S.K.: 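Right, I'll just put the structure down here and ask away after.
Keep in mind it's a predicted model, so treat the numbers as computed, not measured. Count residues from 1 along the sequence.
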Amino acid sequence: MKNNLSNMMSLDIFISSISDSECENIMSEITPLKESIMPLASWDIFSQDYNLTLENLKIESDIDFIKLFAQKAHWKNEIDGIFKDQDFEALIITDINQKILWVNNGFTEMTGYTKKYALNKTPNFLQGQNTLPETKKRIRGKLDELKPFAEIITNYKKDKTPYKCEVKIIPLYTDKVTHFLAIEKKVV
């Protein structure tokens, strides 16, 4: 170790005593040694892949929960079809009267409200000053039609920060509509 340290110090002294062009020649020969940094770059790639894998597992877990709920409620909807090519942050299941029965963890991350707080409320608690009355009226009308639809609405986080949210509502049915599924994501 002591030898390596004195060699490095000698190299520093040597490099400082040569011309710039000589230094560039030496550095070009040393440059391939920088490739030894690759394990750190590999770790970065692994870390990104690991985080993506965790995110995908959360999504799969949420969809699996909805499938279990669908089995118990005897919904005739094709759940896999609902989520095909869907990008979402929050999922909400309400009864026919729009009372919240379940939200995923993404709901809490997106809104700041806990699952416990959201249960038995309607999603109206997310609305506020900049939520347009026309948008609320359109949503009510589309819910009454009992058909899938999408709408963009201004909602509010727990800390009162407004955010635009794309909401896709899918009626869930047996012989008649019994529940609604809201698939939500923030939009810019």
S.K.: Could you report the tightest heavy-atom contact between Asn77 and Pro171, atom names first, then the distance?
M.R.: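 Nearest pair, atom of Asn77 first, then Pro171: ND2-O, 3.0 Å.
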S.K.: Please round to the nearest 0.5 Å and tell me the distance separating atom NZ of Lys137 and atom OG1 of Thr135.
M.R.: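 Reported value, rounded in 0.5 Å steps: 12.0 Å.
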S.K.: Could I get the full list of side chain to side chain donor-acceptor pair (under 3.5 Å) partners for Lys99, not counting sequence neighbours?
M.R.: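 Residues passing side chain to side chain donor-acceptor pair (under 3.5 Å) with Lys99: none at all.
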S.K.: Who passes ring-ring contact (aromatic ring centres under 6.0 Å, His included) against Tyr117, sequence neighbours left out?
M.R.: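 Scan of Tyr117 (ring-ring contact (aromatic ring centres under 6.0 Å, His included), adjacent residues dropped) gives Tyr113, Phe125.
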S.K.: Which residues satisfy the side chain to side chain donor-acceptor pair (under 3.5 Å) test with Asp175, sequence neighbours excluded?
M.R.: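 Scan of Asp175 (side chain to side chain donor-acceptor pair (under 3.5 Å), adjacent residues dropped) gives Lys76.
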S.K.: Who pairs with Ser21 by side chain to side chain donor-acceptor pair (under 3.5 Å), at least two apart in sequence or on another chain?
M.R.: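 Checked Ser21 against side chain to side chain donor-acceptor pair (under 3.5 Å); matches are Ser19.
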S.K.: Should side-chain heavy atoms under 4.5 Å link Ile, Leu, Val, Met, Phe, Trp and Tyr, which residues sit in the same cluster as Leu52?
M.R.: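 Members other than Leu52 - counting any ILVMFWY side chain reachable under 4.5 Å - there are none.
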S.K.: Could you check whether any side-chain heavy atom of Arg138 comes within less than 4.5 Å of a side-chain heavy atom of Glu151, counting everything from C-beta outward?
M.R.: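 They are in side-chain contact.
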S.K.: Ignoring hydrogens, what is the shortest heavy-atom contact between Cys165 and Val187? Give both atom names and the distance.
M.R.: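 Where Cys165 meets Val187 most closely, the heavy atoms are N-CG2, 4.2 Å.
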S.K.: Does Glu145 CD have over 12 foreign heavy atoms under 6.0 Å away?
M.R.: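 Yes - once you tally the heavy atoms of other residues, nucleotides and ligands closer than 6.0 Å, there are more than 12.
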S.K.: Show which residues join Leu181 in its hydrophobic cluster (side-chain heavy-atom contacts under 4.5 Å, direct or indirect), or state none.
M.R.: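 For the cluster that includes Leu181, the remaining residues are Ile59, Ile63, Phe65, Ile66, Phe69, Trp75, Ile79, Ile82, Phe83, Phe88, Leu91, Ile93, Leu101, Trp102, Ile170, Leu172, Ile183.
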S.K.: Look up atom CD1 in Ile92 and atom CD in Gln98, then write down how far apart they are to the nearest 0.5 Å.
M.R.: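 Nearest 0.5 Å value for the CD1-CD distance: 11.0 Å.
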S.K.: Asn130 side chain to Pro162 main-chain N or O, any donor-acceptor pair under 3.5 Å?
M.R.: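 Side chain of Asn130 to backbone of Pro162, a donor-acceptor pair under 3.5 Å: no, none is there.
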S.K.: Using a 4.5 Å cut-off between side-chain heavy atoms of Ile, Leu, Val, Met, Phe, Trp and Tyr, which other residues end up in the same hydrophobic cluster as Ile139?
M.R.: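 Listed partners: Ile96, Leu143, Leu146, Phe149, Ile153, Val167, Ile169, Tyr173, Val177, Phe180.
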S.K.: Decide yes or no on side-chain contact (heavy atoms from CB on, under 4.5 Å) for His74 and Thr178, but give the supporting numbers first.
M.R.: CA-CA 10 Å; His74 305 287; Thr178 61; over 6 Å; no
S.K.: Quick one: side chain to side chain contact (heavy atoms under 4.5 Å, CB included) partners of Asp87, sequence neighbours excluded?
M.R.: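 For Asp87 the side chain to side chain contact (heavy atoms under 4.5 Å, CB included) partners, ignoring immediate neighbours, are Lys185.
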S.K.: Under 4.5 Å between any side-chain heavy atoms of Thr94 and Thr122, yes or no?
M.R.: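 No; the side chains remain at least 4.5 Å from each other.
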S.K.: Which pairs, with at least one residue in residues 56-66 and sequence neighbours excluded, count as a side-chain hydrogen bond (donor to acceptor under 3.5 Å, both in side chains)?
M.R.: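 Pairs touching residues 56-66 that pass the test: Asp62-Asn104.
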S.K.: Taking the side chain as every heavy atom from C-beta outward, state whether Lys136 and Thr131 have any pair of such atoms under 4.5 Å apart.
M.R.: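 Lys136 reaches Thr131 side chain to side chain.
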S.K.: Quick one: does Glu184's side chain have a donor or acceptor within less than 3.5 Å of a partner on Glu89's backbone?
M.R.: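 It does not hold such a pair.
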S.K.: Go through the structure and list residues passing side chain to side chain contact (heavy atoms under 4.5 Å, CB included) with Glu78, not counting sequence neighbours.
M.R.: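 Partners of Glu78 under the side chain to side chain contact (heavy atoms under 4.5 Å, CB included) test: Asp80.
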S.K.: Does Thr154 have any side chain to side chain donor-acceptor pair (under 3.5 Å) partners at least two apart in sequence or in another chain, and if so, which?
M.R.: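 Residues passing side chain to side chain donor-acceptor pair (under 3.5 Å) with Thr154: Lys164.
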S.K.: Please enumerate all residues that pass side chain to side chain contact (heavy atoms under 4.5 Å, CB included) together with Thr161, with sequence neighbours excluded.
M.R.: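 Scan of Thr161 (side chain to side chain contact (heavy atoms under 4.5 Å, CB included), adjacent residues dropped) gives Lys157, Asp159.
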S.K.: For the atom pair CG (Asn155) and NZ (Lys186), what is the distance rounded to the nearest 0.5 Å?
M.R.: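 Atom-to-atom, Asn155:CG and Lys186:NZ are 11.5 Å apart.
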S.K.: State, to 0.1 Å, how close Met110 and Tyr163 come at their nearest heavy-atom pair, and which atoms those are.
M.R.: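 That closest heavy-atom pairing would be CE-OH, 4.0 Å.
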